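Sequence positions, counted from 1, serve as the residue numbers for this chain. As the structure is a computational prediction, the values presented were derived from the model and not from experiment.
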Amino acid sequence: MKLYISRIILGVFLLSIQCIFAQNLSKNQFKVKGNCEMCKERIENTAKKAGAKTATYSIDSQTLTIETDNNTSSEEILKKIAEAGHDNEKFKASAETYEALPGCCHYDRDLQPQTIDNHENHAKKENEFYVKGNCESCKVRIEKAAKDAGAKFAEWDAERQIVTINFDSNKTSSDKILKKIAEVGHDNEKYKSSDNTYKNLPSCCLYDREIPFGEANPKVHTEEGNPSEHTDHSDHNTAGENHGSHEKNIEGVTVNGSKAATSLNKKEAGLIFNIDKKELLKAACCNLSESFETNATVDVSFSNAVTGTKQLKMLGLDQKYTSLTKELLPEIRGLASAYGLNFIPGRWIESIQLTKGGSTVTNGYESITGQINTELLKNAEKPETSLNLFSDFNGRAEANIISVSPINKKWSQTFLLHGNGTFGDTDMNDDGFLDRPKGTQLNGAYLLNYNDLENSGLGSHFGINFIKDERTSGQIGFDKKVPQEKQSLYGVGIDISRFQVWNKTGYVFKGKPYQSMGWMNQYTFHQQDSFFGLRNYSGKQQTYYSNLIFESILGNTNHKYKAGASFMYDGYDETYLTSTIKRNEIVQGAFAEYTLTGLKYTLVAGARVDFHNLAGTQFTPRLNFKYDFTPQTILRLSAGRGFRTANIFAESQQYFASSRSIQVLQNGGNIYGLRPEIAWNYGASLQQEFKLFGRKSTVVADFFRTDFQNQVMVDLDRSPQQLTFYNLEGKSFANSFQTQWDFIPFKNFEVRLAYKYYDVQADYLDGRREVPFMAKHRGFVNFAYSTNKNSKGGFWSFDTTLNAVGKQRLPNTSSNPAEFQLPSYSESYAVLNAQISRNFNKKIRAYLGGENLTSYYQKNAIVDVKNPFGNYFDGGMVYAPIMKANFYVGLDVTF
């Protein structure tokens, strides 16, 4: 018995000794080049002879994992391995030693090693070291620690998990710098942080300590998976933060991207929502106007009863006050204002960036309430062609063909083709007028991309786009081929031709990843020929835009700046009735922007000055500030100025199908006799994350106010027979409050709730009034559920959205006969949309959906509908849907 007990005690003692020694071992991983099993044996034996306790070499990942005690230097081991003939991240073998290796061991000395997950990971340079971390807070902490330890320059790359440092070897060393980085909580290839320091990091900074150096950190880069895998981002992404994005962005050149379905970018000082193509699949999304159905921020007006025009609204103001860009280039503006939302097919969209409030000055001066930027599909690692077919039950059909393919390692191309047609006579309210125009659109684009940013530092994107859109509306039976004056039926015809060509080129300076230059250029030709009954309107617009941006740092990456110059030429030639209006707008601008990044705050301050030949010299300052009280509580503040020139005819076409005559009360300005519009926008938002049902939940509340110094008023109240334009004299303001709650009650089920309050008023000529067609109260509910993927990659998705719209003030029609008068306010109503989709596998998807399932519709959408050529006819008084429930089906196939 005593012998048995003695053996137990001895065993425990020996085990304890082993544990003590084990605790003193340090485990590290390094890049080492080799080819075969002979290489593996040579590398491992050399490492052990040099003092490694254990050594394991992976031929596939080109990595050596070693365990050493405190008396053994990993650098000495790597030096011995190089002397044995194998290049590694610290030392290179001599040419003589390399040549003396057996033939099977002659690895490619120029070949870049691959990480285990096959993502490209370029070999580290002498001044680069592996440092673990997750987010922007990690970046600030790591770089500050390096500089505190004597580094002149330090920049940490989250994706590569590498810090690049420059220092004076007479004053400090890489060992001292890396030791300091470990002391603030970040493991690196030489030192490991203490457990207490690591555990005291913010939750968003708690990196995975078990991942070997050189492997991808899933909290920084996640592969695109099925919806069920990305429903709960609490495990991999800090709420809303775009860690899933792998992109290199110079101003004007964006290369590669993969984003969550919808996210609020926590890194940005501004309130920026990223909407991915996966989010767009939740609704019909045939064009940009339908891309915000599941988004609570943007309000989309319902189609005009006669012309079919749709408009976006943000922060309680019309679309014209939001900068709408494509590839960061001006897009829906000028003559394209009325119908431009139909020119970007939903299946072409890779992502949308939605900015509330003042955006960056680098993108121009026209943004007042925010910016909506659309990025087109242009990234592919392998050739891929997809086909989308869509049809609703009322005669609308669409087809999209998209082909994205790499040409070689540096070049890739995208072919985009879209065609749609509306062929049926839809008249759900039986008033004799089409509820939506009939016609066709052919839309084609070609994109060519060059990406050599990692080597030569050069990247470029070229695009060309052509659109032909023809629409006919009005009374059923109207023949567009017969002149209006020769037939009794009222008709509307709109023919648009549009051509664009653009290029964006960027350069990253060698050895200075923080310094880059981008140059964007675009030419646009837009022509519209249209008539509205006996009223004709046509216009041509030619626009050339150029923007040059330089980006660098002041001392370190906590102090960044951008500076540049822009040029804009707009040539307009419009004809309304018998009047011809021509003007050329020439704008030369210069801008600068400074970004200060601290441990808990980000400040972006910018200003631009523009010399406008018709609007004079304009100064546009903008400021955005973000403060992280905690990683879960974020405050944002913004303020900025914007200005624009109003295109009163193009922007008011929804009122052309009426008896209203146009009156412009000129005041000596140079644009239609009017002065430019100028406004200030101020905003504040609070983002709070917390756990609910053990899963991530986020609440965002924001308030924005827009004050106009000058505004071109569109007055519908002076007379039901007049449309009057004049410059504001007095006050015009818009207060916007929104609160949104996103949470996940259980796996794969997402809920989004929102409430919006608008107070939008202006001083018209006869007094202050609420702006018409703007509901004070709006509610929003979205439910999204998806099943788990099966073995073939198939799953079901279900999506439902309810929009509740409060009453809206309607234009004054009291001078009309009683039967043609509208009430002062509209009714409140709700609209329900839903969609079911089935992914059979990774290549085939079918979907079925319904719009306006409540079937609420505006019964008096057209005033005096029986007498379209009379004095009281008005097709512009639309505040609600004009079509009842409509169903659609679609098919997506990838080849």
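Between F532 and F656, the ring-plane angle classifies as perpendicular under the 30° and 60° cut-offs. A perpendicular orientation is assigned to the rings of H418 and W348, their planes being inclined by more than 60° (bins at 30° and 60°).
Residues forming a salt bridge (Lys or Arg N to Asp or Glu O under 4.0 Å) with R622 (at least two apart in sequence, or on another chain): none. Annotation: side chain to side chain donor-acceptor pair (under 3.5 Å) contacts of E470 (sequence neighbours excluded): none. When the salt bridge (Lys or Arg N to Asp or Glu O under 4.0 Å) test is applied to R436, the partners found at least two apart in sequence or on another chain are D392.
Ion pairing between a basic and an acidic side chain is recognised when a charged N comes within 4.0 Å of a carboxylate O; R644 and E677 show such pairing. The residues D763 and R768 are annotated as salt-bridged, a charged nitrogen and a carboxylate oxygen being separated by less than 4.0 angstrom. Under 4.0 Å is where a charged nitrogen must lie from a carboxylate oxygen, and between D874 and R660 at least one such pair does. A salt bridge between R641 and D707 is absent, with no side-chain N of the basic residue lying under 4.0 Å from a carboxylate O of the acidic one.
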Dump the intermediate steps for side-chain hydrogen bond (donor to acceptor under 3.5 Å, both in side chains) on N449 and Q413, then the final yes or no.
CA-CA 6 Å; N449 297 282; Q413 61 183 351; over 6 Å; no

Working for side chain to side chain contact (heavy atoms under 4.5 Å, CB included), residues H612 and E585
CA-CA 7 Å; H612 196 296; E585 296 187 21; 3.1 Å; yes

Can you check side-chain hydrogen bond (donor to acceptor under 3.5 Å, both in side chains) on Y758 and D299, steps first, answer last?
CA-CA 12 Å; Y758 296 129; D299 303 310; 2.7 Å; yes

Using the rule given for side-chain hydrogen bond (donor to acceptor under 3.5 Å, both in side chains), can you reason through Y872 versus Q721, listing the C-alpha separation, both sets of side-chain angles and the distance that settles it, and then say yes or no?
CA-CA 7 Å; Y872 308 111; Q721 284 73 50; over 6 Å; no

What's the verdict on side-chain hydrogen bond (donor to acceptor under 3.5 Å, both in side chains) for N647 and S337, showing C-alpha distance, side-chain angles and the deciding distance?
CA-CA 9 Å; N647 290 275; S337 299; 5.6 Å; no

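Evaluated for a side chain to side chain contact (heavy atoms under 4.5 Å, CB included) with S732, the options Q711, Q761, Q709 yield exactly one hit, Q711. D495 pairs with exactly one of Q528, K480, Q527 by the side chain to side chain donor-acceptor pair (under 3.5 Å) rule, that one being K480. Of the candidates Y576, F725, Y726, F649, F649 is the only one forming a ring-ring contact (aromatic ring centres under 6.0 Å, His included) with Y672. When each of T645, D570, N670 is checked for a side chain to side chain contact (heavy atoms under 4.5 Å, CB included) with L614, only N670 meets the rule. A side chain to side chain donor-acceptor pair (under 3.5 Å) with W502 is found for one member of E327, Q522, H461 and no other, namely H461.
The line from CG of N521 to CG of N547 is 9.0 Å long, rounded to the nearest 0.5 Å. With values rounded to the nearest 0.5 angstrom, S659 atom OG is found 11.0 Å from L723 atom CG. To the nearest 0.5 angstrom, D864 atom CG is 12.0 Å from S658 atom OG. Here OG1 of T524 is found 8.5 Å from CZ of R333. Values are rounded to the nearest 0.5 Å. With rounding to the nearest 0.5 Å, the separation of CG in L280 from CD in E293 is 11.0 Å. A distance of 8.0 Å separates OG1 of T369 from CD1 of I372, quoted to the nearest 0.5 Å.
Remark: R705 is positioned above the aromatic ring of F733, its terminal NZ or CZ atom under 6.0 angstrom from the ring centre and at most 45 degrees off the axis.
Residues N420 and R396 form no side-chain contact, since every pair of their non-hydrogen atoms from C-beta on lies 4.5 Å or further apart. Proximity of N287 to I344: side-chain heavy atoms (C-beta onward) are nowhere separated by under 4.5 Å. Side chains of Q618 and I678 form a contact here, defined as non-hydrogen atoms less than 4.5 Å apart. In this structure, L315 and N735 have side chains that are not in contact, with every pair of non-hydrogen atoms separated by 4.5 Å or more. The shortest side-chain heavy-atom distance between T309 and Y339 falls under the 4.5 Å cut-off. The side-chain heavy atoms of L354 and V298, taken from C-beta on, include a pair separated by under 4.5 Å. With a 4.5 Å cut-off on side-chain heavy atoms, Q500 and E331 count as touching. E551 is not listed as a side-chain neighbour of M517, based on a closest heavy-atom distance of 4.5 Å or more.
Side-chain polar atoms of N373 and E375 form a donor-acceptor pair below 3.5 angstrom. Looking only at atom types and distance, the side chain of S530 has no donor-acceptor partner in the side chain of N536 under 3.5 Å away. Between the side chains of Q371 and N363, at least one donor N or O sits under 3.5 Å from an acceptor N or O. Looking at Q353 and T355, their side chains never bring a donor and an acceptor atom within 3.5 Å of each other. A donor-acceptor contact under 3.5 angstrom links the side chains of S497 and K468, judged on distance only. Side-chain N/O atoms of T362 and T360 include a donor and acceptor closer than 3.5 Å.
Annotation: Y365 is in aromatic contact with F643 [ring centroid separation under 6.0 Å]. Taking the six-membered ring for Trp, F415 and Y446 have ring centres closer than 6.0 Å.
When atom types are taken as modelled, the side chain of S367 and the backbone of G370 share a donor-acceptor pair closer than 3.5 angstrom. With hydrogens and angles disregarded, no donor-acceptor distance shorter than 3.5 Å links the side chain of R347 to the backbone of N400.
Here the closest heavy-atom approach between residue Y655 and residue R535 is recorded as O-NH1, 4.4 Å.
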